[in-house]
Amino acid sequence: MGQCFSKSGRADLEENVEFLGGNVHPVTSKEDWDQKLSEAKRDGKIVVANFSAAWCGPCRGLAPFYCELSEKYPSMMFLLIDVDELTDFSTSWDIKATPTFFFLKDGQQIDKLVGANKPELQKKITAISEK
């Protein structure tokens with residue numbers, strides 16, 4: 001359901017604009033990732049990491065909803081990782097399809113969701129936020 005597997009083609013930077021908004025923070029380097037995880041740990045926040053791609057239709061379709069969730073759950077940190085911009089880093093997370101969401105607490109994975117499944121994403125975020 002709503003997954004992209006091919007990594008063909010590049011998108012213009014302007015197309016990435018629709019992925020950002022609300023409290024979604026773009027991750028542009030491994031150092032940026034480490035800094036965001038440190039901030040989240042310091043502030044006691046759960047991290048929702050969205051491994052996505054600008055050319056992926058399901059990713060683009062889910063982006064506004066992801067931004068809405070970031071505003072609705074300020075106690076969580078919402079990150080966006082472009083798998084084409086950070087290819088090696090994404091490979092280290094074993095990303096096989098986009099979008100893939102990781103849920104992290106203190107830098108450790110507590111859950112994962114593959115695919116643009118709005119109800120399941122909402123369900124996981126709600127469950128995690130209530131813990």
Side-chain angles (χ1 to χ4, degrees):
M1 167 185 244
Q3 299 173 32
C4 290
F5 294 93
S6 170
K7 287 188 179 179
S8 61
R10 297 285 304 170
D12 291 329
L13 205 52
E14 291 177 15
E15 292 180 352
N16 285 329
V17 173
E18 68 188 64
F19 281 89
L20 299 174
N23 294 313
V24 177
H25 305 278
V27 173
T28 56
S29 67
K30 172 71 167 84
E31 294 73 26
D32 196 19
W33 170 265
D34 291 339
Q35 180 184 354
K36 295 292 186 198
L37 287 191
S38 292
E39 286 175 29
K41 189 172 185 176
R42 180 194 69 217
D43 298 340
K45 292 186 173 188
I46 300 289
V47 172
V48 183
N50 177 4
F51 286 82
S52 192
W55 48 262
C56 169
C59 299
R60 295 168 69 101
L62 192 68
F65 182 66
Y66 188 67
C67 292
E68 285 175 30
L69 290 172
S70 75
E71 293 174 337
K72 188 175 178 182
Y73 296 93
S75 63
M76 302 173 101
M77 181 181 286
F78 289 77
L79 303 179
L80 178 68
I81 301 92
D82 185 318
V83 297
D84 290 326
E85 297 291 324
L86 295 176
T87 307
D88 292 341
F89 180 70
S90 299
T91 301
S92 74
W93 280 86
D94 199 29
I95 303 301
K96 303 270 193 251
T98 54
T100 296
F101 300 89
F102 284 96
F103 302 86
L104 310 168
K105 182 175 184 175
D106 297 328
Q108 300 299 310
Q109 180 182 334
I110 57 173
D111 208 345
K112 178 181 175 181
L113 174 65
V114 178
N117 185 333
K118 284 184 184 180
E120 192 62 24
L121 180 60
Q122 174 72 67
K123 184 175 151 186
K124 286 182 181 289
I125 288 175
T126 300
I128 290 168
S129 72
E130 292 174 350
K131 289 184 179 178

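Model, not experiment: these values are computed from the prediction.
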Return the NZ to CG distance between Lys124 and Leu69, rounded to the nearest 0.5 Å. 14.0 Å
Lys41: which residues meet the salt bridge (Lys or Arg N to Asp or Glu O under 4.0 Å) condition with it, sequence neighbours left out? none
Heavy-atom distance under 4.5 Å between the side chains of Ile46 and Ile110, does that happen here? yes
What residues, two or more places apart in sequence or in another chain, satisfy salt bridge (Lys or Arg N to Asp or Glu O under 4.0 Å) together with Asp43? none
With sequence neighbours excluded, residues passing side chain to side chain donor-acceptor pair (under 3.5 Å) with Lys45: none
Donor-acceptor pair, side chain of Arg60 and main chain of Ala54, under 3.5 angstrom: yes
Would you call the rings of Tyr66 and Phe101 parallel, tilted or perpendicular, taking 30° and 60° as the class edges? tilted
In chain order, what residues pass the side chain to side chain donor-acceptor pair (under 3.5 Å) check against Asp34, with sequence neighbours excluded? Lys30
So, taking the atom named CD1 in Ile125 and the one named CG in Leu113, what distance separates them when rounded to the nearest 0.5 Å? 9.0 Å
Could you name each residue pair satisfying ring pair (Phe, Tyr, Trp, His ring centres under 6.0 Å) that touches residues 102-131, not counting sequence neighbours? Phe51-Phe102, Trp93-Phe102
About how many Å separate OG of Ser52 and CD1 of Ile81, when rounded to the nearest 0.5 Å? 9.0 Å
Around Lys105, counting heavy atoms of other residues, nucleotides and ligands shown, do more than 12 lie under 6.0 Å from its NZ? no
Output the distance between atom CG (Leu86) and atom OG1 (Thr28), rounded to the nearest 0.5 Å. 7.0 Å
For the residue pair Ala53 and Asp82, what are the closest heavy atoms and their distance? CA-OD1, 4.4 Å
Interatomic spacing from OG1 in Thr100 to NZ in Lys112 - rounded to 0.5 Å: 6.0 Å
Would you list the pairs meeting side-chain hydrogen bond (donor to acceptor under 3.5 Å, both in side chains) in which at least one residue belongs to residues 68-81, sequence neighbours left out? Tyr73-Gln122, Tyr73-Thr126
Name all residues meeting the salt bridge (Lys or Arg N to Asp or Glu O under 4.0 Å) criterion together with Asp106; count only those two or more places apart in sequence or in a different chain, and write none if there are none. none
Using the side chain to side chain donor-acceptor pair (under 3.5 Å) criterion, which residues pair with Glu120? Sequence neighbours excluded. none
So, taking the atom named NE2 in His25 and the one named CD in Gln35, what distance separates them when rounded to the nearest 0.5 Å? 11.0 Å
Qualifying residues under side-chain contact (heavy atoms from CB on, under 4.5 Å), relative to Ser29, sequence neighbours excluded: Glu31, Asp32
Working note: Ile128 + Val48, criterion side-chain contact (heavy atoms from CB on, under 4.5 Å); need CA distance, chi angles, decisive distance, verdict. CA-CA 10 Å; Ile128 290 168; Val48 183; over 6 Å; no
Shortest non-hydrogen contact between Ala97 and Val114, atoms and distance: CB-CG1, 4.0 Å
Applying side-chain contact (heavy atoms from CB on, under 4.5 Å), name anything that partners Leu37, two or more places apart in sequence or on another chain. Trp33, Val47, Leu104
Could I get the full list of side chain to side chain donor-acceptor pair (under 3.5 Å) partners for Asp88, not counting sequence neighbours? none
